2 protein chains.
Amino acid sequence: MVAFTSKDVARKAGVSQSTVSYVMTGKRPISETTRLRVQAAIDELTYQPNQGARALKSQRTRVIGLIVPFGHGVDTAGVLPFIETITSSARAQDHEVLLNTSDEGSDGLRRLAGRQLCDAIVLMDILGHGDDRIPVAADLGLPVVLVGVPADPMGLSCVDLDFAAAAELAVDELAETGHDRLVVLGYPAEIIDRDVNYVRRFLDAATAAAARHGMPCEVIGSLEPHRAAADHAAALIEPGLVEIGRVGVIVPQSQIVQPFLHALSARGLRPGHDLSVIGLCTDVAAEQMEPPVTNVSLEPRDVSRRAMQSLFWLLEPTPAGPPPAIDLIPPRLTRRTSVM
Amino acid sequence: MVAFTSKDVARKAGVSQSTVSYVMTGKRPISETTRLRVQAAIDELTYQPNQGARALKSQRTRVIGLIVPFGHGVDTAGVLPFIETITSSARAQDHEVLLNTSDEGSDGLRRLAGRQLCDAIVLMDILGHGDDRIPVAADLGLPVVLVGVPADPMGLSCVDLDFAAAAELAVDELAETGHDRLVVLGYPAEIIDRDVNYVRRFLDAATAAAARHGMPCEVIGSLEPHRAAADHAAALIEPGLVEIGRVGVIVPQSQIVQPFLHALSARGLRPGHDLSVIGLCTDVAAEQMEPPVTNVSLEPRDVSRRAMQSLFWLLEPTPAGPPPAIDLIPPRLTRRTSVM
DNA sequence: TTGTAAGCGTTATCAC
DNA sequence: GTGATAACGCTTACAA
């Protein structure tokens, strides 16, 4: 299993090495006869150019670095479609994807850039404040796209779901279906401490939208993503309340949507009949729940696709103009059985 | 943001380029004074070696290619911990991970090897028969480890959960807790057609173990991973049957565990009280179900860790001797609330 | 203990 | 239209 080089191809085709290169890249005109001879040699030897050498010469690795959130207890549920879409977008542009985990912190970024392992970086799992990777990323001299919106992007492109629009979508749906009372399950203390930006964006927009509709809106605060917290929240929905009004509950934490639905059922409150529930979660998750829950999707595929569009624009700017610095993807609501 | 080279370091430290190299690799003794001078220059310039150049010279990329199953409707639920563990194992050995999806088929393998993008490959999502990537992989001239066991591994190392032991573990648990009647929910036609090897391994071992315990064992066949199928299966569990005996159900398809549990409840059969259910699924999934289900885990972390051990042994054989050609990882059963 | 220099496989600038 | 040839940044004999 020896790997052939362009030298072998050149010898076999009776041409110079540079001609082989030009046949591969098409960067200068080649007579049809030699082109065919070279191509035959390439095919016969199943020659493929050595990427390391190519990168060394051209200063372009054709590799995208992808930093994904792993370990440290982060909500890792919906991360797979992001990875999948980013990989296939990269491959569609004939680029490779180098996977790194966020637990290496800013050192990982420095390694990726310093050792010239990639031409550009996609950074997932962005915190609102105090993410020390942002200044490092901004100073890398490489195109970097953030999936998420930090308080100060420091000039980096950001792509994320439009969480404000997501909240409005959910509230509007409940308003239009005649609900007159809104409950939003809040986030755990840890998340709010870390100041994940989208939390604020979502909650603020939800209360504003409720006010616009003249609906009373209660935020049940500080819910850990555990069964017990979901149970606790369900206990706060008084059956009496449900009898006098049409109550809609928005659950922005995907991990507790299912436990919450179950806790309601266990208390004799049937989602979709006695009250309504809208979850903020992936479509597959929503589909598999009991009952299948009306959801606002995180649109991982759209978000990643746009992130990669921004990235490739930064790698090769076109006259079409730059992508938006902060690119917020419109959410989508899918009706299932949990809204009455 | 210029990238410094070892030449810059050499100039700054007043030594030759090779001395810089030897300081970095430690492959020959360096006097303490020059070592310090060189190190100071390295630190000052934050020099990092260009990986492309290194790979070109040393013929070692220090990259592991990872092929993961995406798209084409495969059960993609438990794949994240595999990726995570493989990535951190690679990093622990100072290797990078290049991510590719299985939808590129054998061409993807040829590209990874032919362009010398990596030193070795981990191939997930192995089919029992007719996977045309196996012969290609076997002929690549690179170490390749399969996660999964094809009918003919063609000399490649395989690592997988011991599905036979998993089935036995589940059956033994039900036998020991006094069950006298066993039901196993079977696999969908599509999966059996594709002949995913572990299906057969699991079902055969389950029936054998049941026979050993003298328990009647019924396999409900051809269940698609949909709610309707789960409902259908639940309907086959006659309440009369439950009254006269202690029934244990094994659900090897993780996607239908939750729907099946719910379908039972809806029929008034409480898992953990009226009958028992054991699922074959990840621990996180089992933990989040309603009710939390006793499960046999797929042990993605153990499997990937062992896969990487095999891989690194193939890259640098040690006197310790080779890893097993077919490395089956022992499963683990976690008791929750679904077994009475 | 350190330096010189060749070469890894590619691309691109000169020449012809 | 095509062929030499000089880099790209690194490692590693071979010298000194």
Side-chain angles (χ1 to χ4, degrees), chain A residues 1-39 41-42 45-63 94 96 111 113-119, chain B residues 1-39 41-42 45-63 94 96 111 113-119:
Chain A
M1 248 309 138
V2 267
F4 291 107
T5 71
S6 60
K7 209 178 198 165
D8 300 316
V9 176
R11 190 179 17 239
K12 179 148 225 146
V15 297
S16 82
Q17 213 175 349
S18 59
T19 301
V20 175
S21 174
Y22 285 119
V23 166
M24 301 241 29
T25 61
K27 285 194 181 170
R28 87 177 180 190
I30 302 279
S31 80
E32 193 58 12
T33 52
T34 59
R35 214 190 56 72
L36 286 175
R37 237 164 4 129
V38 170
Q39 191 56 55
I42 288 175
L45 301 179
T46 62
Y47 164 70
Q48 294 190 255
N50 178 308
Q51 272 299 133
R54 204 173 237 194
L56 180 59
K57 183 65 199 176
S58 62
Q59 306 289 52
R60 281 291 226 105
T61 62
R62 301 194 75 79
V63 171
D94 202 32
E96 303 289 332
R111 185 169 45 81
R115 310 189 101 126
Q116 275 127 285
L117 286 161
C118 60
D119 297 332
Chain B
M1 248 307 139
V2 265
F4 292 108
T5 71
S6 62
K7 209 178 199 166
D8 299 316
V9 176
R11 192 180 15 240
K12 178 149 228 145
V15 297
S16 83
Q17 209 178 351
S18 60
T19 301
V20 176
S21 176
Y22 285 119
V23 166
M24 301 241 29
T25 62
K27 286 195 180 171
R28 86 178 181 190
I30 303 278
S31 80
E32 193 58 11
T33 52
T34 59
R35 215 190 56 73
L36 286 174
R37 239 165 2 131
V38 170
Q39 191 57 56
I42 288 176
L45 301 179
T46 62
Y47 164 70
Q48 294 191 254
N50 179 309
Q51 271 299 133
R54 205 172 235 196
L56 180 58
K57 182 66 200 176
S58 61
Q59 304 290 50
R60 281 291 224 110
T61 61
R62 300 193 75 79
V63 171
D94 201 32
E96 304 289 334
R111 186 169 45 82
R115 312 189 101 128
Q116 276 128 282
L117 285 161
C118 59
D119 296 333

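Naming: A, B, ... by sequence-line order, numbering from 1 per chain. The shown structure was predicted, so the numbers you read here are calculated from the model rather than taken from an experiment.
- Note on B:V20: nothing from the nucleic acid sits closer than 4.0 angstrom, heavy atoms only.
- Counting non-hydrogen atoms under 4.0 angstrom, B:Q59 reaches the backbone sugars and phosphates but no base.
- The nearest heavy atom of DNA chain C to B:V15 and to B:K57 marks one nucleotide each, and the one closer to the 5' end goes with B:V15.
- Using a 4.0 Å cut-off, some side-chain N or O of A:T34 falls inside it from OP1 or OP2 of D:dT2.
- Counting heavy atoms from C-beta on, the side chains of B:F4 and B:K12 never come closer than 4.5 Å.
- Checked against D:dG9, D:dT2, D:dC10, the side chain of A:T19 finds its nearest nucleotide in D:dT2.
- Atom CZ in B:R11 sits about 12 Å away from atom P in D:dC10, given to the nearest Å.
- Phosphate proximity of C:dG9 to A:R54: absent, as no side-chain N or O sits under 4.0 Å from OP1 or OP2.
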Start with the C-alpha distance between A:N50 and A:T5, add both sets of side-chain angles, then the distance that settles side chain to side chain contact (heavy atoms under 4.5 Å, CB included), and finish with yes or no.
-> CA-CA 8 Å; A:N50 178 308; A:T5 71; over 6 Å; no
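- The base of C:dA12 lies outside donor-acceptor range of the side chain of A:K27, with no N or O pair under 3.5 Å.
- Nearest-nucleotide positions on DNA chain C for A:N50 and B:G14 put B:G14 closer to the 5' end.
- Atoms CZ and OG1, from B:R28 and B:T19 in turn, are 6.0 Å apart once rounded to the nearest 0.5 Å.
- Note: CD1 (A:I30) to P (C:dA12) measures 13 Å, nearest angstrom.
- For the pair A:L56 CG and D:dA7 C1', the computed distance is 9 Å after rounding to whole Å.
- The residue B:S21 sits close to a base: some heavy atom pair falls under 4.0 Å.
- In this structure, A:L117 and A:V63 have side chains that are not in contact, with every pair of non-hydrogen atoms separated by 4.5 Å or more.
- One atom, CZ of A:R62, and another, P of C:dT10, lie 16 Å apart when rounded to the nearest Å.
- Across the protein-nucleic acid pair, B:E32 atom CD and C:dT2 atom P stand 10 Å apart, rounded to whole Å.
- Here A:S16 reaches the OP1 or OP2 of D:dG3: one of its side-chain N or O atoms lies under 4.0 Å away.
- Checking the phosphate oxygens (OP1, OP2) of D:dT2, a side-chain nitrogen or oxygen of A:S31 falls inside 4.0 Å.
- Counting any heavy atom pair closer than 4.0 Å across all strands shown, A:F4 reaches no nucleic acid atom.
- Remark: side-chain polar atoms of A:R62 are paired, donor with acceptor, to backbone N or O of A:D94 under 3.5 angstrom.
- In this structure, A:L36 atom CG and D:dG1 atom C1' are separated by 15 Å, rounded to whole Å.
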Restricting both atoms to N or O, compile the protein contacts to nucleotides 13-16 of chain D shorter than 3.5 Å, with distance only.
none

A:E96/A:Q51 under side chain to side chain contact (heavy atoms under 4.5 Å, CB included): CA gap, chis, key distance, verdict = CA-CA 11 Å; A:E96 303 289 332; A:Q51 272 299 133; over 6 Å; no
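- Counting to the nearest Å, the C1' atom of C:dT11 and the CD atom of A:Q17 are 10 Å from each other.
- Side chain of A:R37 to backbone of A:A13: a donor-acceptor contact under 3.5 angstrom is found.
- Judged by distance alone, the side chain of A:T61 and the main-chain N or O of A:D119 form a donor-acceptor pair under 3.5 Å.
- In this structure, NZ of A:K7 is placed 13 Å from C1' of D:dA4, rounded to the nearest angstrom.
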